[in-house]
Protein chains: 2
Amino acid sequence: MQQLLAHLANFHHLSTTAREAIQACVTETVHAKNDMLITQGQVCRNLYFLEKGCLRGYYHLEGKEITHWFGFEQDFVTSFHSFTTGQPSVENIQLIEGSVLWSISREALLKLLDEHHELERLVRIAYEKYYLRLEERYVNAQFRTAAERYEQLLEQSPHILERAPLGYVASYLGISQETLSRVRGRI
Amino acid sequence: MQQLLAHLANFHHLSTTAREAIQACVTETVHAKNDMLITQGQVCRNLYFLEKGCLRGYYHLEGKEITHWFGFEQDFVTSFHSFTTGQPSVENIQLIEGSVLWSISREALLKLLDEHHELERLVRIAYEKYYLRLEERYVNAQFRTAAERYEQLLEQSPHILERAPLGYVASYLGISQETLSRVRGRI
DNA sequence: GACGGTTTTTGACGGATGTCAAAAGAAACT
DNA sequence: AGTTTCTTTTGACATCCGTCAAAAACCGTC
């Protein structure tokens, strides 16, 4: 819990009343490896904060699983599209390791924003950071060869390679597992 | 100007005082085809609203120009990373057609948010939409063949194909102009 | 309607990578 | 240690696509 509040305070100052309001409406959950946090077709009603563990977001395309993001300690995670629009999720969120999560429902979050106006700014700043990360990932995806994309990842996010199985990483890079294996062998 | 205010009102209710404050700090500019709005290396200090016209954001990678987004009427545009962090832009923004833009500086925007608290929420909602669009683009980029990515674009954003030269569209799809030309010929 | 410049198309070729299938290696369980 | 199961590697082959170069189509201007 302290982790979550400390993380939020990085974005913007937090008053005591806001802290207390947040504490009152988030709840802790523990999940085992390979558990599904969200399954395609469900509406994702919660925003999660990952205190301990590791997970991935993936969807199905052309008969394959495409892992498009990984989450680690201190990350906010949700099926963003479903959470913001209320439509069924097109993606799945699955635990890669046993994990500890804090969660808040969309309704509770909106109520929180209504009652503690200062938090609007905090959320806005969190979105900015979120957006920059997505943009960076997108740019990296433009590198032509598998080897280049792999080296980018190795440099920028080595923790992904250490904690996620090869197949997930391969689809994250947009290549087959076999190709990733070969590329890795050469380096 | 009415277009801009009407567009903002789509996100969230706008009070009269907020409207007036906005009017007071945005300015209109007109640009000719092929003008550069932002050049790589500059800090992008403004957020723009595109009233009329069409432009693209691109950057250089491995000796090629990568167009990674297009902007059209009613879009907010900026070099997002530079604008939010104050660091030099890694991307260029260039007009594809002669265009009419409204702009506001980062300082003026932050002042506006401080003085009109209600606008924080509006900006937060605008970010949500922005983010969803980026995510969608990212997912489309995962289709395996050039033909599939082209057909996705044809379905979801035919206006891009109507208004942007082939070479820009090709790099947007992550393929060569020649391949795009062939794909298009087959369909 | 002829000219120059720009954009798009066509052709030939090689390389990177996906696919399928099987082998090898690790980890988990008894 | 032995068996099962999961993950990673290796091999062979087809194909999609990038590159380079040249031709064709398009467009505005004189």
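Both backbone and side-chain heavy atoms feed into the values below; hydrogens, waters and symmetry mates do not. Letters go in sequence order (proteins before strands), and every chain restarts at 1.
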Return the value, rounded to whole Å, for the distance between atom [atom1] of [X] and atom [atom2] of [N].
X: A/Gln142; N: D/dC17; atom1: CD; atom2: C1'; value: 15 Å
X: A/Phe143; N: C/dT17; atom1: CZ; atom2: C1'; value: 19 Å
X: B/Arg186; N: D/dT15; atom1: CZ; atom2: P; value: 14 Å
X: A/Leu180; N: C/dT17; atom1: CG; atom2: P; value: 11 Å
X: A/Glu151; N: C/dA16; atom1: CD; atom2: C1'; value: 15 Å
X: A/Tyr150; N: C/dA16; atom1: OH; atom2: P; value: 18 Å
X: B/Arg149; N: D/dC17; atom1: CZ; atom2: C1'; value: 10 Å
X: A/Leu161; N: D/dT8; atom1: CG; atom2: P; value: 11 Å

| At their closest point, which heavy atom of B/Glu91 faces which heavy atom of B/Phe80, and how far apart are they? | OE2-N, 3.7 Å
| Would you say C/dT9 has OP1 or OP2 under 4.0 Å from some side-chain N or O of B/Arg184? | yes
| query | Counting just side-chain N and O atoms, does B/Thr179 come under 4.0 Å of either OP1 or OP2 of D/dC17? | reply | no
Can you list, pair by pair, the side-chain donor-acceptor contacts under 3.5 Å of residues 106-119 of chain A, counting residues two or more places apart and other chains?
from, atom 1, to, atom 2, distance (Å)
A/Arg106, NE, A/Phe83, O, 3.4
A/Asp114, OD1, B/Arg121, NH1, 3.2
A/Asp114, OD1, B/Arg121, NH2, 2.8
A/Glu118, OE1, A/Ser15, N, 3.3
A/Glu118, OE2, A/Ser15, OG, 2.6

| field | Strand contacts (DNA chain C) in residues 165-178 of chain A, 4.0 angstrom heavy-atom criterion | value | A/Gly174, A/Ile175, A/Ser176, A/Glu178
| field | For A/Tyr48, all residues meeting ring-ring contact (aromatic ring centres under 6.0 Å, His included), sequence neighbours excluded | value | none
| According to the side-chain hydrogen bond (donor to acceptor under 3.5 Å, both in side chains) rule, which pairs have a member within residues 177-187 of chain B, sequence neighbours left out? | B/Ser176-B/Thr179
| query | Just checking A/Ser181: base, sugar-phosphate only, or nothing, at a heavy-atom cut-off of under 4.0 Å? | reply | base
Please table the atom pairs, donor to acceptor, closer than 3.5 Å between any side-chain atom in residues 2-13 of chain B and protein atoms at least two apart or in another chain.
from, atom 1, to, atom 2, distance (Å)
B/Gln3, OE1, B/Gln74, NE2, 2.7
B/His7, NE2, B/Gln74, O, 3.2

| query | Is there a donor and acceptor pair, one atom on the side chain of B/Arg182 and one on the base of C/dG11, closer than 3.5 Å? | reply | yes
| field | Nearest-nucleotide 5' precedence on DNA chain D, A/Ala164 against B/Lys64 | value | A/Ala164
| message | Measuring from atom NZ of B/Lys129 to atom CZ of B/Phe76, what distance do you get when rounded to the nearest 0.5 angstrom? | response | 11.5 Å
Residues 164-172 of chain A side chain polar contacts: donor-acceptor under 3.5 Å, at least two apart:
from, atom 1, to, atom 2, distance (Å)
A/Ser171, OG, A/Thr67, N, 2.8
A/Ser171, OG, A/Thr67, OG1, 3.3
A/Ser171, OG, A/Tyr168, O, 3.2

